[in-house]
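Here's the structure we're looking at; comments come further down.
Letters go in sequence order (proteins before strands), and every chain restarts at 1. Predicted model only: the values in this text are computed from it and were never measured.
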There are 2 protein chains.
Amino acid sequence: MSDCRADDHRAGVVDAQGQRPALDLIELLFFAYRDFVGDADRRLAADGFGRAHHRVLHFVSRNPGMTVAGLLDLLRITKQSLNRVLKELLEKDYVAQREGEADRRQRLLYVTDAGAALVHELAVLQSARINRALDGCAPGARIHVVDFLEAMVDWPAPEGRRAVTREKR
Amino acid sequence: MSDCRADDHRAGVVDAQGQRPALDLIELLFFAYRDFVGDADRRLAADGFGRAHHRVLHFVSRNPGMTVAGLLDLLRITKQSLNRVLKELLEKDYVAQREGEADRRQRLLYVTDAGAALVHELAVLQSARINRALDGCAPGARIHVVDFLEAMVDWPAPEGRRAVTREKR
DNA sequence: CCATTACGTCAGTTCTATTGACATATCCCA
DNA sequence: TGGGATATGTCAATAGAACTGACGTAATGG
């Protein structure tokens, strides 16, 4: 039986059609990200949450008092998408809102104690995988990995992002 | 206005609650993967395909003649999930099936010329981002990145994987 | 005063994936 | 040879996460 085990796909075969397709890295990113989020997914399911809830929880935890608009910018989703997720987090008391002081239209977002606990639990899970992986690498690997991942991201322009995406958000 | 630009989240703040949560890497993986698959998503949409089609196309292209069961194992999805996607790829002639010689129950999968062309186009897109990112890193970075990503993956046991997942697939 | 902004929400749709139940053809062993 | 296991395909229902489009409300600020 041609069993197609994953080993078959680990060999870094790179065909040379001009662009040097980085096929091994393309696959690796898929596998690594799938298993990485899988850790959190299982834990989230126990609370009736999904991946989207995790993201909101994570970024609100990292940026206490951030606005809904800030969250939309960061996640790059529509407010309708965010709405369902955020509403559930509010109803289940994992996130709390406070009226903005300077601008009372704003709803400043904070994680509750329950939210902080969950987010920490998820961070421990995912960090365990990351740290385990880094332990198996050469000493300086972390810096290279961070550099690479940062370079993979389309960072928003320091200015003007809000202006560009003002509509449809 | 507290605008919450992404810059706010790039600083590698690491709180020290026992486990050393790798918060910066957790976020970085999210941003990097999102932008990485975004390149392909836009191209795929033009052909009426989604991310799932890309994965099938990619792995069939890398493993000509692989079986449906092999694909299910690799992607770790159910056959019902695969069915819709694979059916569309077959109907639109991006993938072809051939009866297995040794085992006539098997449907061996191959990409057609159209499939190979699309998969190559997608690989060029994604490789461009990867190579651009690597160009901005230190010379030896690629090896470290590959090591790290490989260590992040739950590779199936060399043997017995099929036995474990025989059901529900 | 009024346009703009921040937020919320209703309705409908798409895509991916799930569980569960069956159907068919083939393989292979007792 | 007969029957259980395997490989594949399919119907139906559901869930999660995203989308577009259209409104409504309240607060800001020129």
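Not one side-chain nitrogen or oxygen of R107(A) sits closer than 4.0 Å to the OP1 or OP2 atom of dT25(D). Proximity of Q97(A) to the phosphate of dG8(C): a side-chain N or O atom is located under 4.0 Å from OP1 or OP2. Considering only side-chain N and O atoms, T78(A) lies nowhere under 4.0 angstrom from the phosphate OP1 or OP2 of dA18(D). When the side-chain nitrogen and oxygen atoms of R55(A) are compared with OP1 and OP2 of dA18(D), one or more of them lie within a distance under 4.0 Å. Regarding contacts with the backbone of dT28(D), every side-chain N or O of R105(A) stays at 4.0 angstrom or more from both OP1 and OP2.
Rounded to an integer number of Å, the gap from R98(B) CZ to dA7(D) C1' is 18 Å. Atom CG of N83(A) is separated from atom C1' of dG21(D) by 15 Å (rounded to the nearest Å). Following rounding to the nearest Å, L90(A) (CG) and dG8(C) (P) show an atom-to-atom distance of 8 Å. Atom CD in Q106(A) sits about 10 Å away from atom C1' in dT5(C), given to the nearest Å. With rounding to whole Å, D103(A) atom CG is found 6 Å from dT28(D) atom P. Whole-Å rounding puts the L72(A) CG to dA18(D) P distance at 11 Å. Atom CG of D41(B) and atom P of dT16(C) are 9 Å apart (whole Å). When the C1' atom of dA6(C) is taken as reference, atom CE of M66(A) falls 14 Å away, rounded to whole Å.
In this model, no side-chain donor or acceptor of K87(A) finds a partner on the base of dG8(C) within 3.5 Å. Not a single donor-acceptor pair, N or O on each side, falls under 3.5 Å between the base of dG8(C) and the side chain of Q80(A).
Between dA27(D), dA22(D), dT8(D), one nucleotide has an atom nearer to the side chain of V68(B) than all others, and that is dT8(D). In the set dC27(C), dA18(D), dA7(D), dC27(C) carries the atom at the smallest distance from any side-chain atom of R104(B).
Two residues, L82(B) and G100(B), neighbour DNA chain C, and the one matched to the more 5' nucleotide by heavy-atom proximity is L82(B). Between L86(B) and S81(A), the residue anchored nearer the 5' end of DNA chain D, judged by the nucleotide with its closest heavy atom, is L86(B). If A102(A) and G50(A) are placed on DNA chain D by their nearest nucleotide, the residue sitting closer to the 5' end is G50(A).
In this structure the side chain of D147(A) never reaches within 4.5 angstrom of the side chain of V145(B), judged on heavy atoms. Here the side chains of F49(B) and L118(B) are in contact, with some heavy-atom distance below 4.5 Å.
Hydrophobic clustering places V111(B) together with L44(B) (ILVMFWY residues linked when any side-chain heavy atoms are closer than 4.5 Å, directly or through intermediates).
Scanning all heavy atoms of the two residues, the minimum distance from I26(A) to Q126(B) falls at CG2-OE1, 3.4 Å.
Here R84(B) lies in heavy-atom contact (under 4.0 Å) with a base.
Side chain of H144(A) to backbone of A141(A): no donor-acceptor contact under 3.5 angstrom is found.
Aromatic ring pairs are classed by plane angle as parallel below 30°, tilted from 30° to 60° and perpendicular above 60°; the pair Y33(A) and Y33(B) is parallel.
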